[in-house]
Amino acid sequence: MAKMWAGRTEGAVNQIADDFNSSIHFDCRMFREDITGSMAHAAMLGAKGIITAEEADTLIAGLEGILADLSSGALAFDMSAEDIHMFVEQVLTERLGDVGKKLHTARSRNDQVALDFRMYLRRELDEIADLTKKLVATITAKAEEYADYILPGYTHLQRAQPILFGHHLMAYAMMLLRDIDRLADCRKRMNLSPIGCCALAGTTYDTDRRFEAKKLGFDGICQNSLDGVSDRDFAVEMLSALSLLMMHLSRFSEEIILWCSWEFKFVELSDSFTTGSSIMPQKKNPDMAELVRGKTGRVYGDLMALLTTLKGLPLAYNKDMQEDKESVFDAIDTAKMCLKVFDGMVATMKANKENMLRAAQKGFINATDLADYLVKKGMPFRTAYKISGGLVAKCIRENTVLEELPLADYKAESDLFDEDVYEAISLRTCVETRISEGGTSLASVKSQIAYAKEMLK
Ligand code: ARG
C-alpha cells in the first residue's frame, strides 16, 4: 500500500522495515477510540468553520460506517497498514474521496495516538475496577460465612496468636479496596485530553480543544502541547496500580496454596478450580492460584518494560513510544483474567473449621494472653512474659498444653494464678477479647465487613 506520507520520500519502504515499523497488529484493538476520537475532531473542525458543516457531517457519517463495519466484521483490518490511525483514514478516503483527506487537518498522529491510548485505558481501567469490586464483594461474603472460624495467625510462618478466619479474609478485602482507590486516582490524571496538541507545538488553526475534550468525556485538557504528546505517565501509573493489585492476588494465592496442602488442610478448593496430576492419582492441584502468583511476575515485567522504554526519551514524540502499548495491553489482559478466575476460586472455596481449630490448639498461641492475664492482675509485662515463657517450656518438656497444665503448676510460678486462668487462655476468649478497632474479635470483624460493604456502594 502506498504510504499516506509519501511526498518527502517516495514512500517505498523495504518490506522488513515496513513490517518492523507497523503496529496495526496490536493497536487495532483501539479502533473504537480512534474512530470516536476522529468523530469529535471532525465535529470540532466543522463547529469552528475550519471545514464546512456539511463536510463535517460527511466525515462523521463515514466514520460511523467504518465503526459499524469493523464491529460487525464486515470490514477487516488490513495488516499491511502502518497503524490503526492510518488504516481508518485510508478506508475513510477510499469511501468518501477527497473529503476524507480533510479529517487530519489540525492534528497529528502524535496527539491522536495519545488520545486513543488514554481513552482505551480509561475503559479498561473501569472494567478492572468493576472486576476488583466484584472480588471484594466475594471475599466479604466469604468472610461473613466463615466469620467465627478460629485459626492460628502467623508471623514468620510460625503460629503466633489465634485469629478469626473472617479477619484474615478481610485483610485481603482491605488491600483490594486500596487497589480500587488507586485505580480511581490514576484515572483522574489519565482523563485529560491531549487532542489538539498536534505534532508537538500546537496549531495555527483556530481549534477548540475543550470542545473535543468535553465530547469525549474528559475532565479537562493537557496544558502543555509538548507534554501532551510525550506523556505516558498515565500508562505507567496504571501498570503500577495493576502490579500492586497482582501482588495482593499473589500473596493471597500463596496462602491458598499453603492452606490446600495436606500439612494445613484449612481450605478445600472446588474441583472446578483445581486440576489433577497426569501421573499421581491422589493429586488435586491449586493451579489457578499458582498461575495467578506466576503471572504477577509478568505484570511487573510489563511495568519495568515501559519505565525503561521511557527513561531516556527526549521531548516530544519518539517512535520508541509505539512500544508503550503491548506491555500495558498484556498487563490488562492478565489482570482481568486473574481477577475473574480468582473470584470463582474464592467463591467456591470451602473452609475446614476443625482443621483450623486443631492447628490453633497447638503451638501455644495463647501464651501472650497468659502473660496478659498476669498483667491484668498487677504484674509488670516483662515479668509476666518471662513466667509465661517458662510455663510454655514446661509444657513442651511434659508434652502437654497450657490449657491442661494443673493449677498447682501455675501457682508454683506465681500466686496470682487462679482457676479463672483456664477461661482467660481459651482460644475463644483470646479472640473475643481483642476488641481494639481493627482487631480480631467478632464484633470488629463485623464492622470491617460493614465498612467494606459501605465502600463498595
Ligand atoms: N503507531 C504510532 C504509535 O503507536 C502512532 C504515532 C506515529 N507518529 C509518528 N510521528 N510516526 O506510537
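Note that ligands are numbered from 1 as they come in the structure, with each ligand's atoms numbered from 1 the same way. The structure presented is a predicted model; accordingly, all values stated were derived computationally and were not measured.
With hydrogens and angles left out, the side-chain atoms of His41 and Gln112 include no donor and acceptor closer than 3.5 Å. Residues Arg122 and Asn191 have side chains that bring a donor and an acceptor to within less than 3.5 angstrom of each other. Counting only N and O atoms by type, the side chains of Glu82 and Ser22 include no donor and acceptor under 3.5 Å apart.
A salt bridge is absent between Asp320 and Arg232; no separation between the charged side-chain nitrogens and carboxylate oxygens falls under 4.0 Å.
Around atom 5 (C) of ligand 1, the closest heavy atom drawn from Ile84, Leu200, Asp83, Asp27 belongs to Asp83. Counting heavy atoms only, Asn110 comes closest to atom 10 (N) of ligand 1 of the residues Asn110, Asp116, Ile24.
Regarding atom 1 (N) of ligand 1, its nearest protein heavy-atom neighbour is Gln322 OE1, 2.7 Å. Ranking protein heavy atoms by distance to atom 11 (N) of ligand 1, first place goes to Arg109 NH2, 3.7 Å. Among protein heavy atoms, the minimum distance from atom 4 (O) of ligand 1 is reached at Lys325 NZ, 2.6 Å. The single protein non-hydrogen atom nearest to atom 12 (O) of ligand 1 is Tyr317 OH, 2.6 Å, given as residue, atom name and distance.
Asp116 pairs with exactly one of Arg109, Lys325, His85 by the side chain to side chain donor-acceptor pair (under 3.5 Å) rule, that one being His85.
At a 3.5 angstrom cut-off on N or O pairs, Ser23 counts as close to ligand 1.
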